[in-house]
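Written out below as structure tokens is the structure these notes cover.
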Amino acid sequence: FAQVIAVDAKFDLFSRAWCVGELAEARRARMPQSLQLRSGNDLAMQQAKLQDLRVQDMKASRPEDVQEILAKIPDMEAFNAALQELIFNDRDGLLASWREKDAESQMGSIGR
């Protein structure tokens, strides 16, 4: 199994409590994750938003869902730090794997 993460242009996926919970759970289970972005330009425009992510600020359709998710997190600051690591780790973070994949696809198109 692998997790494919299709991200919208505004990166709203990262503001949704259930989505972030699923990302964190897949990472904990060591499931391979692949980030799919519309463009590098979208990333450049939304990178600051990603750097400011906090689980306490996330939303869900039902407010009780947010409370349920937050109740399962014993240390929110540690969760937030792990979330930043999941996204930004230079070795195996979501953005690093996307940049690597994007470079590979760019190189493939050069040879055509």
Please determine whether side chain to side chain contact (heavy atoms under 4.5 Å, CB included) holds for the pair Q33 and L86, giving the CA-CA distance in whole Å, both sets of side-chain angles, and the decisive distance to 0.1 Å. CA-CA 10 Å; Q33 294 173 296; L86 165 67; 3.5 Å; yes
Drop me the distance from [X]'s [atom1] to [Y]'s [atom2], to the nearest 0.5 angstrom.
| X | Y | atom1 | atom2 | value |
| --- | --- | --- | --- | --- |
| D42 | D8 | CG | CG | 9.0 Å |
| I5 | Q3 | CD1 | CD | 4.5 Å |
| L95 | L50 | CG | CG | 6.5 Å |
| R27 | E85 | CZ | CD | 6.5 Å |

May I ask you to test the [X]-[Y] pair for a side-chain heavy-atom distance under 4.5 Å?
| X | Y | answer |
| --- | --- | --- |
| V55 | N80 | yes |
| W98 | Q36 | no |
| L53 | I87 | yes |

Answer yes if L94 and M31 sit in the same cluster of Ile, Leu, Val, Met, Phe, Trp and Tyr residues linked by side chain heavy atoms under 4.5 Å apart, and no otherwise. no
With a cut-off of 3.5 Å and sequence neighbours excluded, list every side-chain donor-acceptor pair involving residues 67-79.
from: D75; atom 1: OD1; to: E77; atom 2: N; distance (Å): 3.2
from: D75; atom 1: OD1; to: A78; atom 2: N; distance (Å): 3.0
from: E77; atom 1: OE2; to: Q56; atom 2: NE2; distance (Å): 3.3

Test side-chain contact (heavy atoms from CB on, under 4.5 Å), reference L43, set L35, L37, V7, output is L37
Counting only pairs under 3.5 Å, give me each side-chain donor-acceptor contact of residues 12-22, with atom names and distances, residues two or more places apart or in other chains.
from: D12; atom 1: OD1; to: K49; atom 2: NZ; distance (Å): 3.0
from: S15; atom 1: OG; to: D12; atom 2: O; distance (Å): 2.7
from: W18; atom 1: NE1; to: D65; atom 2: OD2; distance (Å): 3.2

Least distance between heavy atoms, A9 atom then Q46 atom: O-CG, 3.7 Å
